[in-house]
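Per chain, numbering begins at 1; letters A, B, ... match sequence-line order.
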Protein chains: 2
Amino acid sequence: MDTKSRILAAALELYNEKGIDATTRHIAAAMDISPGNLHYHFKQTDDVIMALWDRLVAEFSVLVINLDKVKHIGLDTLRSFYRQSFDIEYKYRFIFLHFVAIGARLPKIREQYAGMMQRREKEFKGIFKKLVQGGIFQKDVPPKVWKALVRQIFIVADFWLSSNELTDQLRGEKAATAFTRQMEAMFYPYLSARHAAKITL
Amino acid sequence: MDTKSRILAAALELYNEKGIDATTRHIAAAMDISPGNLHYHFKQTDDVIMALWDRLVAEFSVLVINLDKVKHIGLDTLRSFYRQSFDIEYKYRFIFLHFVAIGARLPKIREQYAGMMQRREKEFKGIFKKLVQGGIFQKDVPPKVWKALVRQIFIVADFWLSSNELTDQLRGEKAATAFTRQMEAMFYPYLSARHAAKITL
DNA sequence: AATAAATTAGTACATTTGTTCTAAATTGAT
DNA sequence: ATCAATTTAGAACAAATGTACTAATTTATT
């Protein structure tokens, strides 16, 4: 592995563990290279965070592309999408745990996130429409409620890690599993009566 | 107003604006006192954050006590509770915007928050039970879904500010109003058919 | 008015951090 | 093998920060 990748790996681990106050010197020390060397690969410290953000976005967009390919979306599609999303989020958890601070320090990240949210909103409204047509979701839910559901899902999906960190502090597998179940339960009241009967929680 | 209170007011404003990286020197400069004077009133910088947290908790507990006093809980009770909660949260928004970092730096805050969550969970399960008995909420919702609803509500209630900061950046009145509506819409699918008809969103 | 207690200002110190700079070492190409 | 380019180490700098310390000033008490 080249130094640049090794730096990103070390930085990711340190940021996840110590938060974004972990410094270039800490990262360099953790992987036994000189501060000068680290600076050779990343002129600005924030470039390291930016590079990790880019990786997160890339990994995530693979999921979204795969989701778009699915012909018949069901609850299992959604569940597996969230499970995979949560695994990625956990991997890059420092970003979600310090999202506001990062967004303030790196405005590009904030802008990209805001843009992604708008696109994701449309996508999910489309998905919900399909689930209604498929008889999985209820028919008589007002548009404003769908909109609120989307927003609510995004907030939970992007900040469950923070909530977990402040309370249960579940780690790894356990965390992702628990909040995938949380997500499932959130969809329950929107299910059609016929479909709700099939579900075991 | 005595200096201690003035320090807290200045700190609150600076933290809300600049995040928790705002320093003692910044606070002192903003209110035209010497760093030495600030240190006289707060030996440790983190004591300022702790004092603000205590105020937040105190203001919030007034709401909870008032909620407990209410005899017949309806949706309007919940709505006004959330509206008041959100106003307080907005006032102390830096805490919610940097909750994980603060919890890591001040373990007492994390512990208090975790404890509050456990107590709040029981309270809300009780409230939901009353709403079911009152015919406002549906009867046939599984216990696990109620539990998930509680968790989901806490996540949205405590992190909507972060989500807002990263996207719409609504300020003051507008922010609190928008997310009070968000909260209302979240309850919609749990309403009994009879009650859902009454609601205008 | 005199004295003690409190508050405030201002300086100073040790530490940390992002960044720069220079020289050494390694690698690659010819 | 030689030379250039890349990579690395390590020192150095300026700025910022938490905290400590001292002296001045204000306030309260008798």
Side-chain angles (χ1 to χ4, degrees), chain A residues 1-54 94-95 97-110, chain B residues 1-55 94-95 97-98 100-110:
Chain A
M1 193 159 53
D2 63 332
T3 309
K4 207 159 183 171
S5 300
R6 283 178 54 227
I7 291 172
L8 288 178
L12 180 57
E13 198 181 327
L14 259 181
Y15 284 146
N16 280 341
E17 213 170 296
K18 307 282 180 188
I20 50 169
D21 289 337
T23 66
T24 56
R25 276 181 173 81
H26 295 153
I27 298 166
M31 53 189 294
D32 257 313
I33 65 169
S34 65
N37 192 8
L38 199 151
H39 231 78
Y40 171 76
H41 291 282
F42 295 93
K43 309 297 170 200
Q44 310 261 357
T45 304
D46 285 349
D47 292 350
V48 178
I49 293 177
M50 197 66 203
L52 289 170
W53 165 260
D54 288 338
F94 83 94
I95 291 176
L97 295 175
H98 305 92
F99 220 154
V100 174
I102 291 174
R105 243 169 67 178
L106 299 164
K108 270 192 187 174
I109 289 181
R110 198 198 77 77
Chain B
M1 193 160 54
D2 62 333
T3 309
K4 206 159 183 170
S5 301
R6 282 178 53 228
I7 291 172
L8 289 179
L12 179 57
E13 198 181 327
L14 260 180
Y15 285 145
N16 281 341
E17 214 171 295
K18 307 280 181 188
I20 50 170
D21 289 337
T23 66
T24 56
R25 278 180 173 81
H26 294 154
I27 297 166
M31 54 189 294
D32 258 314
I33 66 168
S34 66
N37 190 7
L38 198 151
H39 229 77
Y40 172 77
H41 291 282
F42 295 94
K43 309 296 169 199
Q44 310 262 356
T45 305
D46 286 349
D47 292 349
V48 177
I49 292 177
M50 197 66 203
L52 288 170
W53 165 260
D54 288 339
R55 290 191 168 200
F94 84 94
I95 291 177
L97 295 175
H98 305 92
V100 173
I102 290 173
R105 241 167 70 176
L106 299 164
K108 269 192 186 173
I109 288 181
R110 198 198 76 78

* Asked: Do you know which two heavy atoms are closest between A:Leu8 and A:Ala51, and how far apart they sit?
  ->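 In this case the closest contact between A:Leu8 and A:Ala51 is CD2-CB, 3.7 Å.
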
* Shortest non-hydrogen contact from B:His98 toward B:Gly19 ->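 In this case the closest contact between B:His98 and B:Gly19 is CE1-CA, 3.6 Å.
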
With [X] via side chain to side chain contact (heavy atoms under 4.5 Å, CB included) - residues at least two apart:
| X | result |
| --- | --- |
| B:Asp2 | B:Lys4, B:Ser5 |
| B:Asp47 | B:Phe42, B:Lys43, B:Gln44 |
| B:Thr23 | B:Arg25, B:His26 |

* Residue-level proximity of residues 20-27 of chain B to DNA chain D when a heavy atom falls under 4.0 Å ->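 Result for residues 20-27 of chain B: B:Thr23, B:Thr24, B:Arg25, B:His26, sorted by number.
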
* Asked: Which of residues 39-53 of chain A sit near DNA chain D, with a heavy atom under 4.0 Å from it?
  ->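 A:Tyr40, A:His41, in order of number.
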
Out of curiosity, [X] [atom1] to [Y] [atom2], how far, rounded to the nearest 0.5 Å?
| X | Y | atom1 | atom2 | value |
| --- | --- | --- | --- | --- |
| B:Met1 | B:Arg6 | CE | CZ | 7.0 Å |
| A:Leu97 | A:Phe99 | CG | CZ | 11.0 Å |
| B:Ile27 | B:Lys18 | CD1 | NZ | 13.0 Å |

* To do: List for me each residue that meets side chain to side chain donor-acceptor pair (under 3.5 Å) alongside A:Arg105, sequence neighbours excluded, and say none if there are none.
  =>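 Side chain to side chain donor-acceptor pair (under 3.5 Å) check on A:Arg105 returns A:Asp46.
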
* **Outermost nucleotides of DNA chain D that come under 4.0 Å of a non-hydrogen atom of chain A** =>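 The protein-touched segment is D:dT6 to D:dA12.
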
* Chi angles and distances behind the side-chain contact (heavy atoms from CB on, under 4.5 Å) call for A:Ile7, A:Ile33 -> CA-CA 9 Å; A:Ile7 291 172; A:Ile33 65 169; 4.2 Å; yes

A side-chain contact here means heavy atoms from C-beta on lying under 4.5 Å apart; do [X] and [Y] qualify?
| X | Y | result |
| --- | --- | --- |
| B:Val48 | B:Thr24 | no |
| A:Ile109 | A:Ile49 | yes |
| A:Trp53 | A:Leu106 | no |

* To do: Estimate the overall bend of the helix from C:dA1-D:dT30 to C:dT30-D:dA1 from the end axes over five pairs each, rounded to 10 degrees.
  =>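 Nearest ten degrees gives 10° for this helix.
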
In a table with atom names and distances, give each donor-acceptor pair under 3.5 Å that connects a side chain of residues 10-17 of chain B to protein atoms at least two apart or in another chain.
from    : atom 1 : to      : atom 2 : distance (Å)
B:Asn16 : OD1    : B:Arg93 : N      : 3.4
B:Asn16 : OD1    : B:Phe94 : N      : 2.8
B:Asn16 : ND2    : B:Leu12 : O      : 3.3
B:Asn16 : ND2    : B:Lys91 : O      : 3.0

* **Nearest-nucleotide comparison on DNA chain C, the residue closer to the 5′ end among B:Pro35 and A:Arg105** =>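 Residue closer to the 5' terminus by nearest nucleotide: B:Pro35.
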
* Asked: Under a criterion of less than 4.0 angstrom to any heavy atom of chain B, what are the 5'-terminal and 3'-terminal contacting nucleotides of DNA chain C?
  ->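 Result: C:dA6 to C:dA12.
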
